[in-house]
Amino acid sequence: GTSMGAIVGGLYAIGYEGSDYSVDERCVDALNQMMAHCWWAGNRPVVCSAYRTPEKQEQLFAKAVTKWMGFGLSRADAEREAAQETAVPGTSEHQAGLAVDIIDAGYPKLNENQASMPTQKWLMEHCWEYGFILRYPEEKSDLTGIIYEPWHYRYVGVEAAKVITQAGICLEEYVGATAKAVPGSFS
């Protein structure tokens, strides 16, 4: 498997409404701009997760495994279920510093209802303008391996974000198509 990458530039602190998170320097300006414009449009976006340390990702995964084992699943089955909702440590985009979970301040839950909130409607329509994509779209779970997450945004740059958004594809499809068009571009 391929690693989702590591922090390339420095980590930059971002702070909105009492949250304290960091992201990779490659996306900090774009994120700050997107959040400001989302606010100015009358919404209340809140970052609830950004860069995660490997330790934090391990804690989250272990917690999910424990939850599924509590429902009577074996460890192996619990790990399979957990992996659909929480990235296996070492594979989380949050560890690359290029992903952010953004919620609507009026609805602080990470579930599909988040998609109906004004903040998400604005972000889904405009995030590409700032180089972000909704990373785990509806109807793409079979390709991404992750459940629909109408709060998880990934920085890919404006050019890629525009193509992905306009074509209605997910990052896996984009990377696959780019790799076919430009052999050796992704290894």
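- At distances below 3.5 Å, at least one donor-acceptor pair connects side-chain atoms of Ser116 with backbone N or O atoms of Asn113.
- When the side chains of ILVMFWY residues are joined at heavy-atom separations under 4.5 Å, either directly or via intervening members, Tyr107 and Tyr148 end up in two distinct hydrophobic clusters.
- The main-chain N or O of Asn43 is never found under 3.5 Å from a side-chain atom of Thr119 such that the two would form a donor-acceptor pair.
- Leu143 and Tyr174 are members of different hydrophobic clusters when ILVMFWY side chains are connected at heavy-atom separations under 4.5 Å.
- Shown here for Ser74 and Met69, the closest heavy-atom pair between the two residues is O-CG, 4.2 Å.
- Taken from SG in Cys27 to CZ in Arg154, the straight-line distance is 9.5 Å, to the nearest 0.5 Å.
- Under the 4.5 Å side-chain heavy-atom criterion for grouping Ile, Leu, Val, Met, Phe, Trp and Tyr, Leu134 is connected to Trp122 within one hydrophobic cluster.
- Inter-residue side-chain proximity for Glu81 and Leu73 is flagged as met; some heavy-atom pair is nearer than 4.5 Å.
- Contact check on Glu58 versus Lys63 returns no salt bridge, with no Lys/Arg side-chain nitrogen under 4.0 Å from an Asp/Glu carboxylate oxygen.
- Rounding to the nearest 0.5 Å places CD of Gln114 at 7.0 Å from CG of Leu110.
- Considering only heavy atoms from C-beta on, Ser141 stays 4.5 Å or farther from Tyr136 through its side chain.
- Put simply, the side chain of Lys67 reaches to within 4.5 Å of the side chain of Glu85, judged on heavy atoms.
- Residue Ala82 comes nearest to Ala64 through the heavy atom pair CB-CB, 3.7 Å, listed as atom of the first residue, atom of the second, then distance.
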Go through the steps to decide whether Lys56 and Leu60 satisfy the test side chain to side chain contact (heavy atoms under 4.5 Å, CB included), and finish with yes or no.
CA-CA 6 Å; Lys56 175 70 174 170; Leu60 290 169; 4.3 Å; yes
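- By the salt bridge (charged side-chain N to carboxylate O under 4.0 Å, His left out) test, Glu149 is found to be paired with no residue, residues two or more places apart in sequence or in another chain being considered.
- Ring pair Phe71/Trp68 is perpendicular by interplanar angle, where above 60° counts as perpendicular and below 30° as parallel.
- Ion pairing between a basic and an acidic side chain is recognised when a charged N comes within 4.0 Å of a carboxylate O; Arg75 and Glu79 show such pairing.
- Taken from CZ in Phe61 to OG1 in Thr86, the straight-line distance is 7.5 Å, to the nearest 0.5 Å.
- Using a 4.5 Å cut-off between side-chain heavy atoms of Ile, Leu, Val, Met, Phe, Trp and Tyr, with links allowed through other members, Val46 and Trp151 fall into the same hydrophobic cluster.
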Report the C-alpha distance between Leu123 and Tyr153 in whole Å, list the side-chain angles of each, state the deciding distance to 0.1 Å, and finish with yes or no for side chain to side chain contact (heavy atoms under 4.5 Å, CB included).
CA-CA 9 Å; Leu123 286 170; Tyr153 295 87; 3.3 Å; yes
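- Around the CD atom of Gln166, the shell of radius 6.0 Å holds more than 12 heavy atoms that belong to other residues, nucleotides or ligands.
- The SG atom of Cys48 sits 5.0 Å away from atom CG of Asp101, with the distance rounded to the nearest 0.5 Å.
- In this structure, Val100 is a member of the same hydrophobic cluster as Met35, with clusters built from ILVMFWY side-chain heavy atoms closer than 4.5 Å.
- Pro108 and Ile103 get closest at one heavy-atom pair: CA-CD1, 3.7 Å.
- Once rounded to the nearest 0.5 Å, the distance linking CG of Leu98 with CZ of Arg135 reads 11.5 Å.
- One distance of note links CD1 of Ile133 with NE2 of His152; it measures 8.5 Å at 0.5 Å rounding.
- Side chain of Asp104 to backbone of Gly106: a donor-acceptor contact under 3.5 angstrom is found.
- Between Glu173 and Lys140 there is a salt bridge, with a side-chain nitrogen of the basic residue lying less than 4.0 Å from a carboxylate oxygen of the acidic one.
- Between Phe132 and Tyr155, the ring planes are perpendicular. Angles over 60° get that label, and only those under 30° would be called parallel.
- Taking 4.5 Å as the limit, every side-chain heavy atom of Cys170 sits out of range of all side-chain heavy atoms of Ile164.
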Could you go through Glu129 and Lys162, starting from their C-alpha distance and side-chain angles, then the distance that decides it, and tell me whether this counts as salt bridge (Lys or Arg N to Asp or Glu O under 4.0 Å)?
CA-CA 7 Å; Glu129 298 164 26; Lys162 184 177 183 181; over 6 Å; no
